[in-house]
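What you see below is based on every heavy atom in this structure, not just the backbone, and it leaves out hydrogens, waters and symmetry mates. Small disclaimer: the values here were computed from a predicted structure and weren't measured.
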Amino acid sequence: MKRLLLTLCALALCTTAFAWGRLGHEIVIAVAQRHLTERAKANIAKYIDYDLKKDAVWMDEHRRDEPIAYTTHYHVFACDKNLRYDPNYRLAEGGDVVYALALSEYNLADNNYQRLTDSAVVMNIRMLIHFMGDMHCPVHTHVDGVKTIWKCKLNGKEWERFHPIYDKIPMMLYGKRANPDAIAEKIDVVKKGEIKRVVEGDITNWANDAAAGSVKVYDINPYGAYYLDPQTIEKSKPIVEHQLRNAGYRLAAKLNEYFNN
C-alpha cells in the first residue's frame, strides 16, 4: 500500500450529521486519554499540543473540503448477515471506516510517522481519533449493505431518517452541556482483564465486534420500523455506553502502540 501523505486543509463547516455528535466523540477520546501512557501523551503533544477532544469532529467538519473530500466515504462500514466485515460493499464507493483506520495504522505504526511531515502526522491522528468512534456508532454499521435512512417517528416527533437519532443520542442521554471527562470516568468501570480482551485482535476483528454490539439497537426497534419504542433512548443507554467505552479502549491501545516509543 502506498503511504498516504495527507496535508491540512482550509477551514470550512458542513451540515452533515455527525456520528455520535461532538459529545459522543469527545467521550471516546476522554476514555482513551484515561489509558494513555505518559510517553505516548508526550510524543502526541509534539504534534498536537492541545487536548485531543478539540479535534473530536474535525473529520466531520472538513469532510467536504476539496483536498480530503474522498474521506467522506470513510465514516461507515458494511458487514454481512453473519456480522462479519464486508470490505467489498464500501470499497467500491471509495473506502470505509476500516480502510481509514488501516491507512492511519500504515502511516503511524512502526515509527513510520517519524518520516512524515508534521501536518501529515496530525491528519492521521485526527483520522484515528475520529474513525475509531465512527466504527462503533450503531448506525454506521450497514448490515448486508442496508443503510439506516428510513423515516420514523419517536414520541410524536417525525425523523426524516433513523440514522440521526443515534448521531444525537449521547446528547439526548447526557444533555447538551455534559462533561465528557465526567462521563468517561463514570463508564470506565471495566476491569483490566476485560479491557485486555476488548483490545485483542486487529482492526477487522474490532469491526466484527463493533457490529455485534451495534445491531443490538435493532432489538429495540427493528429495521424499517416507523413507530419507534417510546423508551428507545433509555433502552439504548447500555448499548451506547458499551460502544463508546470499547471505542475509547481501542483508541488508547492504538495511540499507545504508535507513540509509546
Side-chain angles (χ1 to χ4, degrees), residues 1-33 44-77 90-91 93-108 112-113 116-142 147-149 161 163-164 166-171 176 180 203 207 210 244 247-248 250-251 254-255 258-259:
M1 183 187 299
K2 185 177 180 180
R3 183 176 304 157
L4 185 65
L5 298 178
L6 296 169
T7 58
L8 300 179
C9 55
L11 297 178
L13 298 178
C14 72
T15 58
T16 304
F18 301 166
W20 289 132
R22 172 172 288 279
L23 177 60
H25 278 289
E26 287 179 340
I27 294 169
V28 170
I29 296 169
V31 170
Q33 288 172 323
I44 292 168
K46 295 175 184 177
Y47 300 94
I48 299 180
D49 61 353
Y50 50 82
D51 191 332
L52 292 177
K53 292 191 291 294
K54 183 177 179 181
D55 283 347
V57 292
W58 193 95
M59 294 304 305
D60 281 326
E61 292 173 338
H62 299 282
R63 63 191 293 179
R64 304 295 183 187
D65 291 3
E66 185 175 352
I68 62 166
Y70 58 87
T71 68
T72 195
H73 298 287
Y74 290 175
H75 298 255
V76 301
F77 75 101
R90 291 295 301 186
L91 287 182
E93 298 184 17
D96 60 14
V97 74
V98 178
Y99 179 72
L101 291 170
L103 284 177
S104 292
E105 180 155 83
Y106 185 82
N107 287 325
L108 298 176
N112 282 344
Y113 72 90
L116 302 181
T117 63
D118 288 358
S119 61
V121 175
V122 170
M123 182 64 183
N124 279 276
I125 293 173
R126 285 170 170 166
M127 287 175 62
L128 176 62
I129 65 176
H130 184 82
F131 292 129
M132 190 65 76
D134 274 8
M135 187 168 72
H136 291 77
C137 184
V139 288
H140 283 237
T141 300
H142 296 168
K147 298 181 180 180
T148 54
I149 56 175
R161 298 184 301 157
H163 187 122
Y166 283 91
D167 284 344
K168 298 176 181 295
I169 202 165
M171 183 183 67
K176 292 181 179 180
I203 294 168
L244 291 171
R250 288 163 175 161
L251 174 58
K254 284 304 179 185
L255 288 171
Y258 303 154
F259 293 98

Worksheet entry | Any donor-acceptor pair under 3.5 Å from Ser104 side chain to Met127 backbone | no
Worksheet item: Out of curiosity, His62 NE2 to Thr72 OG1, how far, rounded to the nearest 0.5 Å?
Response: 13.5 Å
Worksheet item: What is the minimum heavy-atom distance between Gly24 and Leu244, and which atoms define it?
Response: O-CD2, 3.6 Å
Worksheet item: Could Arg126 and Glu61 be called an ion pair, given the rule that one side-chain N must be under 4.0 Å from one carboxylate O?
Response: no
Response to the item:
When rounded to the nearest 0.5 Å, the distance separating CG of Asn124 from CG of Leu108 is 4.5 Å
Practice prompt. Would you please indicate if the ring centroids of His142 and Phe77 are separated by under 6.0 Å?
Written response: no
Discussion item. Within the 4.5 Å heavy-atom criterion, are Asn112 and Asn107 side-chain neighbours or not?
Written reply: no
Discussion item. Donor-acceptor check, side chain of Asp65 to backbone of Pro67, threshold 3.5 angstrom: yes or no?
Written reply: no
Worksheet item: How many angstroms lie between atom CG of Leu103 and atom CG of Leu128, to the nearest 0.5 angstrom?
Response: 11.5 Å
Worksheet entry | Atom pair NE2 (His136) and CZ (Arg250), whose distance is rounded to the nearest 0.5 Å | 4.0 Å
Worksheet item: So, do Ile68 and Met123 sit near enough that their side-chain heavy atoms are less than 4.5 Å apart?
Response: yes
Discussion item. I need the Ile44 CD1 to Ile125 CD1 distance, nearest 0.5 Å.
Written reply: 6.0 Å
Discussion item. Quick one: does any side-chain atom of His75 pair with a main-chain N or O of His140 as donor and acceptor, under 3.5 Å?
Written reply: no
Worksheet item: Between Phe259 and Tyr113, how do the two ring planes meet: parallel, tilted or perpendicular, split at 30° and 60°?
Response: tilted
Item to complete: Determine, using ring centers only, whether His25 and His130 are less than 6.0 Å apart.
Response: yes
Discussion item. Quick check: do Thr148 and Tyr166 have side-chain heavy atoms less than 4.5 Å from each other?
Written reply: no
Discussion item. Could you tell me if the side chain of Met59 sits less than 4.5 Å from the side chain of Arg63, heavy atoms only?
Written reply: no
Practice prompt. Taking all heavy atoms of Ala30 and all of Pro180, pick out the closest pair and write down the distance.
Written response: CB-O, 3.7 Å
Worksheet entry | Test item: Thr141 and Val76 side chains (from C-beta on) under 4.5 Å apart, heavy atoms | no
Fill in: Qualifying residue, where the test is side chain to side chain contact (heavy atoms under 4.5 Å, CB included) with Trp20 and the options are Ile27, Asp167, Ile169, Asp60
Ile169
Discussion item. Looking only at side-chain N and O atoms, does Tyr50 offer a donor or acceptor that is under 3.5 Å from a partner on Asp55?
Written reply: yes
Worksheet item: Are Asp51 and Gln33 close enough that some pair of their side-chain heavy atoms sits under 4.5 Å apart?
Response: yes
Practice prompt. Mind telling me whether Tyr70 and Tyr74 have parallel, tilted or perpendicular rings, with 30° and 60° as the class edges?
Written response: perpendicular
Worksheet item: Any side-chain heavy-atom pair from Asp134 and Phe131 closer than 4.5 angstrom?
Response: yes
